[in-house]
> 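Before we start, here is the structure in question, set down as C-alpha cells.
Quick note on labels: first sequence line is chain A, next is B, and so on, each numbered from 1.
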Number of protein chains: 2
Amino acid sequence: MTLDPAALDAADPLADHRDRFVGADSDLVYLDGNSLGRPLRATVERMGRFVTDEWGGRLIRGWDERWFELPLMLGDRLAAAVLGAAAGQTAIGDSTTVLLYKLVRAAVTAHPGRTEIVIDRDNFPTDRYVVEGVARECGLTVRWLDVEPAGGLTPEALAGVVGEQTALVLVSHVAYRSGWLADAAGITRVAHDAGAWVLLDLCHSSGAVPVELDAWQVDLAVGCTYKYLNGGPGAPGFGYVARRHLEAEAFHQPVWGWMGSADPFAMGQGYSPAAGIRRLISGTPPVVGMLALEDMVDLLAEVGIDAVRQKSVALTSYVIDLVDRDLPQVALASPREPGGRGGHVTIDHPAMRGVTTALWRRDVLPDFRNPDGLRLGLSPLTTSFAEVAAGVAAIATELAALEQVRP
Amino acid sequence: MTLDPAALDAADPLADHRDRFVGADSDLVYLDGNSLGRPLRATVERMGRFVTDEWGGRLIRGWDERWFELPLMLGDRLAAAVLGAAAGQTAIGDSTTVLLYKLVRAAVTAHPGRTEIVIDRDNFPTDRYVVEGVARECGLTVRWLDVEPAGGLTPEALAGVVGEQTALVLVSHVAYRSGWLADAAGITRVAHDAGAWVLLDLCHSSGAVPVELDAWQVDLAVGCTYKYLNGGPGAPGFGYVARRHLEAEAFHQPVWGWMGSADPFAMGQGYSPAAGIRRLISGTPPVVGMLALEDMVDLLAEVGIDAVRQKSVALTSYVIDLVDRDLPQVALASPREPGGRGGHVTIDHPAMRGVTTALWRRDVLPDFRNPDGLRLGLSPLTTSFAEVAAGVAAIATELAALEQVRP
C-alpha cells in the first residue's frame with residue numbers, strides 16, 4: 001500500500017467534505033480533533049442567524065416553538081446518526097461530568113444492597129473522580145482494575161471480578177490515552193450475568209466509531225459533543241438511558257429540577273419526574289451550546305458512520321505505518337490491530353513533552369498526555385493524509401533535534 | 001408625575017442604550033425580559049468571530065489562551081459589575097439547577113448533625129425540587145414556610161423557625177412570581193445567629209437590582225444569566241461561595257470532575273479539589289454559552305447598576321400607575337412600595353390565561369404564571385415607557401373583550 005499522502009488524499013471519498021469546515025484549508029497541521037473538533041462553516045452562519053432571528057426575533061416564544069424539545073429532538077437525531085439507539089432514550093444537556101454523576105448515582109440507586117462500582121485505573125480522570133465521589137457519599141467501594149499498556153478492560157478480565165456485589169461497571173468505549181476500543185457488547189453481557197448495569201463513556205468514540213447501544217443492551221451511556229461531534233468548546237454532553245429502565249421506572253437521578261419534572265409550567269408543590277428520558281434533565285437546557293452540534297449531526301447522518309469509520313481506520317493505520325518507517329525510537333502506545341482501536345494513536349517517548357512544545361511553536365498541534373505520550377487525534381471528516389504526513393515528519397525533525405542536544 | 005410615555009422616554013437617561021439590542025426598535029411589545037433578555041447587537045458579531053477566529057482559528061490552543069480561565073475571569077467581572085463581590089468567589093458554569101444542587105449539598109456537608117433546610121413554598125420550583133431531593137438523599141427535613149400573597153420571607157418570620165437544627169436557609173432575592181425583594185442582609189444575620197448558612201438565589205435580581213453579597217455576608221449564591229444578564233436561552237448559571245468558606249476549606253461540593261481538580265492535566269489518581277472557587281467547577285466549562293454574557297457584563301459595568309435600578313423602579317412604578325388608572329378589575333400581586341420589589345410586576349385576574357393567549361397573538365408578550373397571574377418583566381436597558389403603555393393598553397382591551405363574552 002502506498003504511503004504517498006497525495007495519492008491517498010486523491011483516493012479519499014470523504015476528501016471533499018473538508019471544505020465544509022472552517023480552516024481545514026489552512027497550513028496548520030491539526031492533530032487534536034479528538035480534543036476539539038473544527039467548526040463547520042454552516043455553524044458560523046447558524047450562530048449569527050440564531051442570535052438575530054431565533055433568539056432576538058422569537059424571544060420567549062422560542063421555548064414553545066423549538067427550544068423546550070430541542071434536547072430530546074437533537075438527542076434522537078444524534079442517537080439515530082451515530083449511537084445505534086432508537087428514539088426516546090437520549091438527551092443533550094449538562095457537562096459530561098454532571099451527566100456521569102447523575103447516571104452513576106442512578107445505577108447505584110437501582111441496585112440497593114450492592115456495594116461495588118467497577119472501573120479501570122486508566123479511565124479518564126473525570127470518570128474516576130465521579131465514581132470516587134459517589135462511592136464516598138453512598139458508602140460504596142470502588143473496585144479498581146489495572147489494565148495493560150495499550151490495552152483495556154476485556155470481558156474476560158471483568159468476569160473475574162464482578163458478582164452479586166457489583167452495582168455498576170463504568171467503561172470508556174475508546175480509552176482516552178491509548179485509543180483501546182473496548183468490546184462493549186461482551187462487557188455488557190458479563191456485567192448483566194452478574195446483575196449489574198453498564199455505563200459506557202462514549203466521549204472518544206461517538207462520531208468516529210460505530211456504536212450500537214440498543215443492540216449491545218447497554219444500560220446507560222454518556223458522551224461529549226466537542227470532539228468528533230464538533231459542537232464547540234465546552235458544548236453540552238449527552239446521556240442515554242435504555243428504554244427498558246425508563247419504562248420500568250427503574251431510573252432515578254438525583255438532581256431534581258423543574259425542566260425534568262412532569263409538568264414544568266404547573267410550578268406546583270412536590271417534584272414528580274417526567275416520563276421517559278426527559279427525567280434526565282435538571283435545569284434549563286443549554287440551547288446556545290447545542291447549535292453547532294445540530295450541523296454536525298446533519299453531516300454525519302448524510303455521510304454515514306461506516307464511511308467515517310473507514311476513513312478513521314485508514315488515517316490511524318497511516319500514522320502507524322509512518323511511525324514504523326520514520327520514528328523507530330518511539331513506542332506505539334495504541335493497539336496495532338485496526339479493529340482494536342478508535343480514532344486516535346498515541347506514541348510514547350521520554351522527550352515527548354518537549355517535542356509537543358516545539359511542534360506547537362511551528363503550528364503542528366498534537367496533544368500531550370502524561371507521562372510521555374504524544375496523542376495524534378485524527379478527525380475523519382477534516383484530517384487529510386497530507387496533514388498526517390506533515391505531522392509525522394515534524395515529529396521526526398523535533399525528536400531528532402532534541403536527541404541531538406542530549407548527552 | 002406624568003403618565004405620558006413619550007415624555008418619560010424623552011427624559012430617560014438610558015434610552016439610547018436600547019439601540020444596542022437586537023429588535024428593540026421593532027413593533028413587538030416585549031414584557032418578558034425577566035424570562036429571556038434580548039441579545040446585544042455586539043453578540044451577533046462576537047458569535048461569528050468566535051466560531052471563525054477563536055474556535056476555528058485557535059482550536060485547542062484556545063484552552064490555554066483564554067477558555068480555561070474564562071469561567072473564573074468572567075465570574076469576577078460579573079461579581080464586580082453587579083454582585084457586590086470581590087474577585088475569587090464567583091464561577092460561571094452548569095445550569096442554575098445543577099449549581100443549586102452543588103451548593104445545597106455543600107451547605108449540608110458543612111453542617112453535620114443539623115437536620116433542617118428552610119425554604120418558602122413560593123420559591124421557584126427548581127429551588128424547591130433541589131431541596132426536596134437533597135433532603136431525601138441526606139435524610140434531612142425541609143421546613144416549608146408559607147408567605148403572604150405579594151409577600152415573602154422576612155427576617156422576623158425566619159427568626160421564629162431557625163435554630164441549632166438549621167443547616168441552610170435558601171431564599172430568592174426577588175420572588176419569581178410576586179417580585180417581592182427580600183431583605184437579604186437581615187435574613188443572613190438571622191440565619192447566622194442560628195449558625196446556619198444562607199444560599200441566595202439571584203435569578204430574578206442580578207442585573208436589575210443592586211446586590212452586595214460580600215457586605216451582606218451571604219454564604220452562597222446562585223443565579224442565571226439569561227434574564228437581566230442577556231446571556232441567551234439556557235446560558236450557564238453562576239455560583240458564588242464566600243471567600244471565608246473557601247479559605248477555611250469548609251466548602252465541599254459533590255460532583256467531582258477533572259476541571260475542578262487541583263491539577264487537571266496531571267490526570268493522576270485520586271480527586272483532590274482545586275484551591276479557591278475553581279473547586280465549584282466539575283466538567284469542561286460551557287465556553288460557547290458564555291459569550292453573550294461577556295458583552296452584557298461589559299455594558300452593565302459601563303452603565304452602572306444604580307442607574308439600571310433607577311430605570312427599573314421607574315418602569316415598575318409606571319406599570320402600577322397605569323394599572324391603577326386603567327385596570328381597576330385586576331389585583332396587584334406585587335409589592336406596591338418601590339423599595340420592596342424587583343424588576344417585574346404581576347397582576348392577577350381569573351381571565352389572565354386567556355388574556356395572555358390573546359396578547360401573544362397580537363405580538364404583546366408578557367408571561368403567564370399559575371394560577372392567574374400576568375407577569376410583566378421590564379428590562380431596564382431594553383424596555384421603553386412606550387412599550388409599557390402599549391402593553392397595558394393591550395391588556396385593557398383584551399380583558400374587556402373577554403369580560404364581554406362572559407355571562
> Testing the basics here: between B:Ser379 and B:Gly33, what is the closest heavy-atom pair and its distance to 0.1 Å?
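Heavy atoms only, the tightest pair is OG-CA, 3.3 Å.
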> List in chain and number order the residues that pass side chain to side chain donor-acceptor pair (under 3.5 Å) with A:Asn123, two or more places apart in sequence or in another chain; answer none if no residue qualifies.
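Expected list: A:Ser172.
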> Contact part of A:Arg41 toward chain B, heavy-atom cut-off under 4.5 Å: side chain, backbone, both or neither?
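No part of it gets close to chain B.
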> Can you tell which part of B:Ser261 gets under 4.5 Å to a heavy atom of chain A, answering side chain, backbone, both or neither?
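Answer is side chain: those atoms of B:Ser261 sit under 4.5 Å from chain A.
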> Tell me which of these, B:Tyr226, B:Trp360, B:Phe265, B:Phe50, has more heavy-atom pairs under 4.5 Å with chain A than the rest.
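So the answer, after comparing B:Tyr226, B:Trp360, B:Phe265, B:Phe50, is B:Trp360.
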> Applying side-chain contact (heavy atoms from CB on, under 4.5 Å), name anything that partners B:Asp367, two or more places apart in sequence or on another chain.
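For B:Asp367 the side-chain contact (heavy atoms from CB on, under 4.5 Å) partners, ignoring immediate neighbours, are B:Asp32, B:Ser35, B:Arg369, B:Arg375.
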> Chain A heavy atoms under 4.5 Å from B:Leu291: which part of the residue, side chain, backbone, both or neither?
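Looking at B:Leu291, nothing touches chain A.
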> For the interface with chain A, which of B:Gly231, B:Gly237, B:Gly268 has the highest count of heavy-atom pairs at distances below 4.5 Å?
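Looking at each of B:Gly231, B:Gly237, B:Gly268 in turn, B:Gly268 comes out on top.
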> When rounded to the nearest 0.5 angstrom, what is the spacing between CD in A:Glu132 and OG in B:Ser272?
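Taking CD in A:Glu132 and OG in B:Ser272, the distance rounds to 10.0 Å.
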> Name the region of A:Arg105, side chain, backbone, both or neither, that has any atom closer than 4.5 Å to a heavy atom of chain B.
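A:Arg105 touches chain B through side-chain heavy atoms alone.
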> Looking at A:Arg38, is its backbone amide N or carbonyl O close enough to the side chain of A:Asn230 to form a donor-acceptor pair, meaning the two atoms are under 3.5 Å apart?
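It does hold such a pair.
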> Applying side-chain hydrogen bond (donor to acceptor under 3.5 Å, both in side chains), run through B:Gln269 and A:Trp144 and close with a yes or a no.
CA-CA 11 Å; B:Gln269 298 296 318; A:Trp144 294 104; over 6 Å; no
> With only heavy atoms counted, which part of A:Leu365 is less than 4.5 Å from chain B, the side chain, the backbone, both or neither?
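For A:Leu365, the side chain is the part near chain B, not the backbone.
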> Between A:Glu387 (side chain) and A:Leu31 (backbone), is there a donor-acceptor pair under 3.5 Å?
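No; zero donor-acceptor contacts below 3.5 Å.
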> Report, by ascending residue number, the residues of residues 18-26 of chain A in heavy-atom contact with chain B at a distance under 4.5 Å; give 'none' if the set is empty.
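Listed by number, the contacting residues are A:Val22.
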> Run the salt-bridge test on A:Asp363 and B:Arg61 with the 4.0 Å N-O cut-off and return the result as yes or no.
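A salt bridge is present here (some side-chain N lies under 4.0 Å from a carboxylate O).
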> At a heavy-atom distance under 4.5 Å, which candidate from A:Tyr129, A:Phe368, A:Trp67 has the highest pair count against chain B?
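Looking at each of A:Tyr129, A:Phe368, A:Trp67 in turn, A:Tyr129 comes out on top.
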> Heavy-atom distances under 4.5 Å only: say whether A:Arg121 touches chain B with side chain, backbone, both or neither.
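The answer is both parts of A:Arg121.
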> I'd like to know which of B:Ile60, B:Val44, B:Leu28, B:Val51 tops the heavy-atom pair count under 4.5 Å against chain A.
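Between B:Ile60, B:Val44, B:Leu28, B:Val51, the count favours B:Ile60.
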> Is B:Asp64 close to chain A through its backbone or its side chain, or both, or neither, when contacts mean heavy atoms under 4.5 Å?
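Contact with chain A involves the side chain of B:Asp64 alone.
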> Taking the six-membered ring for Trp and the single ring otherwise, decide whether the centroids of B:Tyr271 and B:Trp256 are under 6.0 Å apart.
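Close enough - the centres of the two rings lie under 6.0 Å apart.
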> Has the side chain of A:His204 got a donor or acceptor atom that lies under 3.5 Å from a matching backbone atom of A:Gly223?
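No.
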> Considering non-hydrogen atoms only, spot the tightest contact between A:Thr284 and B:Gly234 and give its length.
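Taking every non-hydrogen atom into account, CG2-CA, 3.9 Å.
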> Not counting sequence neighbours, which residues clear side chain to side chain donor-acceptor pair (under 3.5 Å) with B:Arg278? List them please.
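In terms of side chain to side chain donor-acceptor pair (under 3.5 Å), with neighbours along the sequence ignored, B:Arg278 is linked to no residue.
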> Where on A:Pro233 is there a heavy atom nearer than 4.5 Å to chain B: the side chain, the backbone, both, or neither?
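Backbone plus side chain of A:Pro233, per the 4.5 Å heavy-atom cut-off to chain B.
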> Taking every heavy-atom pair that is under 4.5 Å apart, which of B:Gly133, B:Pro39, B:Gly37 has the most such pairs with chain A?
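The option with the most such pairs is B:Pro39.
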> Based on non-hydrogen pairs under 4.5 Å, which of B:Arg128, B:Met259, B:Arg136, B:Lys102 is most in contact with chain A?
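Sorted descending by pairs with chain A, the first entry is B:Arg128.
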> By a 4.5 Å heavy-atom criterion (distance strictly below it), what part of A:Tyr30 contacts chain B: side chain, backbone, both, or neither?
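Only the side chain of A:Tyr30 comes within 4.5 Å of chain B.
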> In this structure, is the centre-to-centre distance between the rings of B:Trp258 and A:Phe124 below 6.0 Å?
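Under 6.0 Å, so yes.
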> State, yes or no, whether a side-chain contact exists between B:Pro254 and A:Tyr101 at a heavy-atom distance under 4.5 Å.
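The answer is yes, as the side chains (C-beta and beyond) meet within the 4.5 Å cut-off.
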> Tell me which of these, B:Arg177, B:Arg49, B:Glu137, has more heavy-atom pairs under 4.5 Å with chain A than the rest.
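The answer is B:Glu137.
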> Using non-hydrogen atoms and a 4.5 Å limit, figure out which bit of A:Leu100 sits close to chain B: side chain, backbone, both or neither.
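Neither part, no heavy atoms under 4.5 Å.
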